[in-house]
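Below you'll find the structure, written out as structure tokens, and then a few comments.
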2 protein chains.
Amino acid sequence: MATGREIAQLCGVSVATVSRVFNQPETVNGDTRERVLRVAKELDYRPNESARALSTKQSTMIGLVWDTDHRRPGWRHPYLQDLLIGLKSALSAHGYHLLMLATSGDAREVGASLADPVGYVNMTRRHHLGGLVLIDSGSDAEAFGAFAQSGVPCVALDVAVEGPRATYVTSDNAGGARAAVAHLVGLGHSRIATITGPPGNQPSDARLSGYREALRDAGVEPRADYVVAGDFYRASGIAAMQRFLALDEPPTAVFASSDEMAVGALLAARAAGLRVPRDLALVGFDDIEIASVVEPALTTVAQDKPGFGVAAAKAIMAMITGSGPDGPVVLPAQLVVRDSCGARQV
Amino acid sequence: MATGREIAQLCGVSVATVSRVFNQPETVNGDTRERVLRVAKELDYRPNESARALSTKQSTMIGLVWDTDHRRPGWRHPYLQDLLIGLKSALSAHGYHLLMLATSGDAREVGASLADPVGYVNMTRRHHLGGLVLIDSGSDAEAFGAFAQSGVPCVALDVAVEGPRATYVTSDNAGGARAAVAHLVGLGHSRIATITGPPGNQPSDARLSGYREALRDAGVEPRADYVVAGDFYRASGIAAMQRFLALDEPPTAVFASSDEMAVGALLAARAAGLRVPRDLALVGFDDIEIASVVEPALTTVAQDKPGFGVAAAKAIMAMITGSGPDGPVVLPAQLVVRDSCGARQV
DNA sequence: CGTTTCACCGTAAGCGGTTACATAGACCCT
DNA sequence: AGGGTCTATGTAACCGCTTACGGTGAAACG
């Protein structure tokens with residue numbers, strides 16, 4: 001790799017001038033600038049990022065905090081790939097890279113976990129990261145709060161954080177849920193149950209609120225036995241559905257807080273001899289890939305998956321370039337009507 | 001952040017000693033070592049990675065080459081999440097991080113693409129990366145060859161590369177396909193067609209070979225009109241199936257090189273009035289999530305998804321720590337019998 | 001013509017580590 | 001006692017880049 005010094009020598013200038021050509025081009029004479037640029041291109045010069053970061057205390061990397069260790073094996077992130085694509089492409093446009101931080105240590109004690117946010121914060125300083133993107137932890141609001149307070153720019157996904165240099169992006173979970181439940185009401189249902197995510201999980205809580213609002217708006221009396229908590233996994237959808245079916249007055253419609261649980265409910269309903277949507281209307285949330293291929297195809301609330309990545313990248317870049325946090329980004333959540341709700345003839 | 005110099009001052013030693021405590025502990029006296037360690041812990045000292053990388057010309061980061069730009073919107077990587085989890089956790093154990101490299105440039109000309117492997121190679125040098133992991137590009141063997149020749153340690157997934165510091169990990173695609181087709185033969189089928197991936201894509205080509213071997217082993221005459229090329233996307237599965245159905249003697253069984261195409265074939269068959277598996281047996285490849293939820297559940301060849309990440313990490317670490325490449329890693333591909341092949345009563 | 005201004009560029013001091021080399025004792029030997 | 005070893009540490013150069021500061025010469029000014 002060619003260094004700045006080599007270029008300087010070949011051009012008969014100092015290293016400072018070479019550096020200026022790339023960082024403050026306007027301060028160097030046109031001729032010399034061209035000369036340096038030409039030689040740089042010939043030598044395929046690329047400034048050494050370590051040196052630059054060391055000197056400027058600022059790298060071109062954003063850290064990704066994704067703590068998978070506490071995930072059970074069956075867990076699928078509902079939109080990881082789109083998120084990463086969105087993030088990567090949006091960051092790329094600014095010349096930034098995404099660093100997936102290690103979460104467990106070796107002898108030298110690298111590593112961090114959500115249980116120890118400080119570890120991550122230390123890493124961002126060690127690597128001079130520009131900021132942190134926090135994903136997949138709607139249930140860890142407390143830990144995320146610690147990030148927000150640390151002063152490093154960070155944007156969280158699906159969990160509200162507040163801090164001087166922190167913001168978040170989330171879907172309009174309440175609105176999406178409201179639309180879903182209102183749709184069921186519109187189809188004539190009044191016995192509408194819901195399967196929530198883990199209590200305390202923010203998107204789940206918001207979806208539950210949306211469910212309640214929609215019932216209230218429709219003048220439907222809420223019933224405690226129509227609300228059971230799941231954990232977003234499929235198995236919990238099965239269990240919840242079984243509880244509903246054991247009720248004296250089982251619901252005629254179910255809104256699940258995740259597609260996985262909706263699929264679980266579908267399986268449980270089918271196992272009990274019910275036909276969906278004829279005997280039971282079903283709506284999920286997320287619009288993951290399987291939603292469109294299960295039989296019947298799942299009516300669900302779609303999130304703007306690539307939007308998360310793009311919005312997160314935009315927010316981070318905004319904080320890096322000085323303009324403070326723009327405030328939370330709320331992405332639209334769109335009801336996608338397919339077959340499981342009974343609106344269509346099947 | 002505390003620096004080594006601060007620790008040195010507090011301990012009354014030189015920065016060299018502090019550095020030695022962390023890098024060659026055996027060369028420093030027990031007492032002073034303890035003292036330095038204690039102070040370091042008190043100050044929560046973490047060596048600055050930029051400085052270390054600059055000095056040692058070796059960072060603790062591995063680059064991830066994932067060129068998404070040439071992907072069509074509908075594309076889903078069949079095992080991205082498991083791959084990343086496996087990679088991350090295995091790298092974490094060695095204190096390494098994963099850097100998702102930017103693929104498009106800003107004004108300062110960062111960025112690279114598969115069309116320009118040199119860009120990636122440059123990035124690894126700029127960032128002092130320990131190596132590169134190349135994913136999701138079984139069709140870009142030529143570009144990947146360039147990486148292998150560059151001298152940077154790299155391990156490719158699903159594409160065979162050769163080089164002094166390069167190796168790859170892949171599934172036993174031929175074996176998996178062979179098992180799938182043999183299974184169909186065992187069920188009494190002799191009119192067995194296949195939908196391949198894009199010609200030139202290595203996993204796809206290997207699966208095609210497996211298909212042919214299985215037919216040969218069974219003494220079944222291969223038919224050219226029973227082999228049509230798809231592109232792994234669902235739509236191509238639909239198109240391929242339609243061509244099969246238009247044949248004078250349509251196949252009674254179809255082996256698709258990806259689950260997505262198998263689902264496409266399923267839809268096309270159903271649209272044509274066929275019932276799967278009664279009128280048509282179907283086997284896919286990958287065992288993506290939807291395979292188990294489509295109706296009928298898809299018989300398919302499962303890949304060891306987390307295994308990719310773990311094996312890739314292991315291979316990279318082996319090359320970094322000096323021991324040369326271990327030679328290619330071939331992961332088992334396991335036939336998962338579900339409902340779409342007709343082996344089970346449904 | 002002396003002085004100020006300004007554009008341009010070089011000098012050198014960092015940034016925070018690593019490590020080759022030198023040094024200083026302590027210990028052992030003859 | 002003198003010389004050789006070995007251990008423990010300090011000194012200082014270096015990694016490659018950024019940037020505050022100062023200097024130079026030409027243009028602009030009174």
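Order of the sequence lines fixes the chain letters, A, B, ..., with proteins taken first and strands second; residue numbering starts at 1 for each chain. In this text the structure is predicted, and so the values were computed from the model without any measurement.
Rounded to an integer number of Å, the gap from R46(A) CZ to dC15(D) P is 22 Å. Atom-to-atom, CG of N29(B) to P of dC6(D) comes out at 18 Å; the value is rounded to the nearest Å. In this structure, CZ of R125(A) is placed 18 Å from P of dC15(C), rounded to the nearest angstrom. In this structure, F22(B) atom CZ and dT18(C) atom P are separated by 9 Å, rounded to whole Å. Distance, Q24(B) CD to dT9(D) P: 13 Å, rounded to whole Å. Straight-line distance from the CD1 atom of I7(A) to the P atom of dC9(C): 16 Å, rounded to whole Å. To the nearest angstrom, C1' of dC6(D) lies 15 Å from CD of E26(B). Rounded to whole Å, atom C1' of dC15(C) lies 15 Å from atom CD of E49(B).
Around atom CD of Q58(B), more than 12 heavy atoms belonging to other residues, nucleotides or ligands sit under 6.0 Å away. Atom NZ of K305(A) sits in a crowded spot, with more than 12 heavy atoms from other residues, nucleotides or ligands closer than 6.0 Å. E42(B) CD: more than 12 foreign heavy atoms inside a 6.0 Å radius.
Taking each heavy atom of V133(B) and A312(B) in turn, the nearest pair found is CG1-CB, 4.4 Å.
Relative to the side chain of V13(B), the nucleotides dG10(D), dC17(D), dT19(C) differ in distance, and dG10(D) lies closest. Between dT9(D), dT18(C), dT11(C), one nucleotide has an atom nearer to the side chain of V15(B) than all others, and that is dT18(C). The side chain of A51(B) approaches dG17(C) more closely than any other nucleotide in the set dC15(D), dG17(C), dC15(C). The L54(B) side chain lies nearest to dC15(D) when the options are dC9(C), dC15(C), dC15(D).
As judged by a 4.0 angstrom heavy-atom cut-off over every strand, T3(B) is placed among residues touching the sugar-phosphate backbone only. When heavy atoms are screened at a 4.0 angstrom cut-off, G30(B) is found touching no nucleic acid atom at all. Base engagement by S19(B) is indicated by at least one non-hydrogen atom pair under 4.0 Å involving a base atom.
Distances shown here put every side-chain N or O of N48(B) at or beyond 4.0 Å from the OP1 or OP2 atom of dG17(C). Dashed line: the shortest gap from a side-chain N or O of K57(A) to OP1 or OP2 of dG16(C) is under 4.0 Å. For dA8(D), neither phosphate oxygen OP1 nor OP2 lies less than 4.0 angstrom from any side-chain nitrogen or oxygen of T32(B). OP1 or OP2 of dG16(C) has not a single side-chain nitrogen or oxygen of S50(B) nearer than 4.0 Å.
Annotation: Y45(B) is in aromatic contact with F22(B) [ring centroid separation under 6.0 Å].
The nearest heavy atom of DNA chain C to R20(A) and to V18(B) marks one nucleotide each, and the one closer to the 5' end goes with R20(A). Nearest-nucleotide mapping onto DNA chain D: of S55(B) and A16(A), the residue sitting toward the 5' end is S55(B). Between H128(B) and R33(B), the one whose closest nucleotide on DNA chain D sits nearer the 5' end is R33(B).
In summary, the side chains of N48(B) and H128(A) do present a donor paired with an acceptor at a separation below 3.5 Å, with no hydrogens or angles considered.
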